[in-house]
Amino acid sequence: MEDSEIQAVKRRFGIVGNSPLLNNAILRAIQVAPTEMSVLITGESGSGKESFSKIIHSLSKRKHGPFIAINCGAIPEGTIYSELFGHEKGAFTGSTDARKGYFEVTDGGTIFLDEIGEMPFDSQAMLLRILENGEYIRMGSSSPRKTDVRVVAATNVDLIQAVRDKKFREDLYFRLSTMPIFVPPLRDRGKDVELLFRKFASDFSEKYKVEPIKLSEDAKEVLGRFRFPGNIRQLRNLVEQISLIETETRVIDALKLSAYLPDDQKLLALTLPDLHHTNGDSKSFSEREILYKVLFDLKNDVTELKKLVFQLLQNGDYDAEFIRDHKDLFHNLNETDFKTPKIKSDPLLLKAPEDNIIEITSNGTSNKENTQDIQHEEQIDTLSLEEKEKELITRALKKNNNKRKYAAQDLGISERTLYRKIKQYEIDNQK
């Protein structure tokens, strides 16, 4: 019975997809619709939250009453109170007439407040009063008015964190989130991406009177791997763009599709790394990304310094000008555990890691044992990093039952990169 209801709602509201996460969100909307509960819809921008507000209104006892959708983030802070709750004549400069607010106009119906996290504090207080006892006060008035409005709110930000940051009222958050509904992002909906692509291709085929575009098998794999940070809105724009531009052929292969997608490898290099997570703990992942970047930068600087010192030891190719040419490297290392080399007439002493002193005389001779120590240390360091990388890949494969697609997501790398690393380190499948 539940499955047939979900399918009926999908057909009625034009929702495409069979993802379990999507079906669960639709089921919750169906269950809460006949009640008078306030609803908080959460999800990323472009994931389709407004469609769920329409489902709730259309299946409720208020379906014959008015429905209005308000984007709280699009209304200037100085006028949002007046827009929502109305104002009296002379309430502010330029208010020559009294004006009804949206809560008065929507009496007996449903109001959808999108981006509720952007609502100013004074408006939040009045919204809480409406939710508590159905009363509000117009701007410039002292007399309370009554309204009977069901509130459905949506946000793409973490309201719990906003409460901690004193940007959102805690009492309003708990009053709104009586029945929370989470709308999953497109990247977590599996094969729904391909279904939506076909649906949009058909829509634009009718709109522009052209043959619908189709994806080759390799293009479907590329589409499935792309994360779509802009969700359904980004996918729709992508299909429309390809439908208009690709006039010579209507079958889109992986190469052509990739030309329309952002270069995820460049994005990966910039973010270091783009970690896959669904728990909403963005702060901890952000700190980890910063730590990884610092460690990689430090390793590169250390490796360069070792090569430079080894060159000096081997060739005796050093003088004051040579050191000045590499002063940036020495300066960077000075910020860690290394010190800028000090030039003496004879001999030249460089302060190296572990407080080892390497003496280099003017004729280029050096202590042979220290030279070997540097080579050995560099080799151990390199092997250690490779072993760590190999260990992480092995653990990710074991965790995901050797499903490389999900292992790559956990590691924050592409499947192609994962395949290359598996071959490089000769990693066998974990049983």
Side-chain angles (χ1 to χ4, degrees), residues 1-33 39 41-59 63 67 69 112 114 152 154 156 180-246 250-252 254 256-257 260-262 278 405 409:
M1 181 64 180
E2 290 180 354
D3 185 63
S4 60
E5 283 184 308
I6 292 173
Q7 297 304 321
V9 167
K10 288 180 183 178
R11 289 192 296 270
R12 179 176 174 183
F13 293 93
I15 298 176
V16 177
N18 297 307
S19 163
L21 292 175
L22 177 68
N23 289 342
N24 181 65
I26 294 174
L27 179 60
R28 300 200 75 175
I30 294 172
Q31 292 171 336
V32 76
V39 182
I41 304 172
T42 60
E44 295 180 5
S45 178
S47 58
K49 297 187 292 294
E50 186 171 349
S51 297
F52 285 82
S53 68
K54 294 177 180 178
I55 293 173
I56 294 169
H57 174 71
S58 299
L59 300 181
K63 60 185 177 181
F67 172 85
F112 173 56
D114 197 6
V152 179
N156 59 5
I181 296 176
F182 172 69
V183 182
L186 188 56
R187 62 179 171 274
D188 291 342
R189 290 175 53 181
K191 291 294 184 181
D192 286 2
V193 180
E194 187 180 334
L195 295 176
L196 284 164
F197 188 99
R198 292 207 303 265
K199 195 265 183 186
F200 291 143
S202 177
D203 291 345
F204 292 124
S205 172
E206 294 180 10
K207 180 178 180 179
Y208 298 117
K209 309 301 179 185
V210 294
E211 182 184 351
I213 58 174
K214 298 179 181 178
L215 294 175
S216 64
E217 290 302 318
D218 58 348
K220 291 177 183 179
E221 294 181 6
V222 172
L223 188 74
R225 288 197 298 266
F226 189 67
R227 295 182 61 77
F228 284 103
N231 291 293
I232 297 175
R233 185 182 297 119
Q234 184 181 12
L235 176 61
R236 186 179 186 277
N237 293 341
L238 172 70
V239 178
E240 184 173 19
Q241 185 181 13
I242 298 175
S243 297
L244 287 174
I245 295 176
E246 295 297 334
R250 306 305 285 176
V251 179
I252 309 301
K256 286 186 178 179
L257 179 61
Y260 291 92
L261 297 175
T278 56
K405 175 181 178 181
Q409 290 177 349

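All values derive from a computational prediction rather than experimental measurement.
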Where is the tightest heavy-atom contact between [X] and [Y], given as atom of each residue plus distance?
| X | Y | result |
| --- | --- | --- |
| I41 | S53 | CD1-N, 3.9 Å |
| A254 | V222 | CB-CG2, 3.7 Å |
| I213 | S243 | CD1-OG, 3.7 Å |
| N23 | K10 | OD1-NZ, 2.6 Å |
| E211 | S205 | C-OG, 3.9 Å |
| L59 | A33 | CB-CB, 3.6 Å |

Do F228 and R189 have side-chain heavy atoms sitting under 4.5 Å apart?
no

Can you find a heavy atom in the side chain of V39 that is under 4.5 Å from one in the side chain of R28?
no

Between L223 and L235, does the side chain to side chain contact (heavy atoms under 4.5 Å, CB included) criterion hold? Intermediate values first, please.
CA-CA 10 Å; L223 188 74; L235 176 61; 4.3 Å; yes

State which residue, out of V16, L238, I242, I232, fulfils the side-chain contact (heavy atoms from CB on, under 4.5 Å) condition with F200.
I232

Which of V152, I56, N24 passes side-chain contact (heavy atoms from CB on, under 4.5 Å) with I181? It is I56

Nearest 0.5 Å, what's the [atom1]-[atom2] distance between [X] and [Y]?
| X | Y | atom1 | atom2 | answer |
| --- | --- | --- | --- | --- |
| E44 | F182 | CD | CZ | 7.0 Å |
| E5 | I30 | CD | CD1 | 5.5 Å |
| R187 | Q409 | CZ | CD | 9.5 Å |
| I55 | R12 | CD1 | CZ | 9.0 Å |
| E246 | L257 | CD | CG | 10.0 Å |
| L22 | D188 | CG | CG | 12.0 Å |

Are the side chain of [X] and the backbone N or O of [Y] linked by a donor-acceptor pair below 3.5 Å?
| X | Y | answer |
| --- | --- | --- |
| K49 | G43 | yes |
| S202 | K199 | no |
| D192 | L186 | no |

Kindly state each residue pair satisfying salt bridge (charged side-chain N to carboxylate O under 4.0 Å, His left out) with at least one member in residues 232-241, sequence neighbours excluded.
K207-E240

Could you tell me whether R198 and E194 make a salt bridge, using a distance below 4.0 angstrom between a side-chain N and a carboxylate O?
yes

What class does the angle between the rings of H57 and F67 fall in, given that below 30° is parallel, 30 to 60° is tilted and above 60° is perpendicular?
tilted

Pair Y260-I245, side chain to side chain contact (heavy atoms under 4.5 Å, CB included): steps then yes or no:
CA-CA 11 Å; Y260 291 92; I245 295 176; 3.2 Å; yes

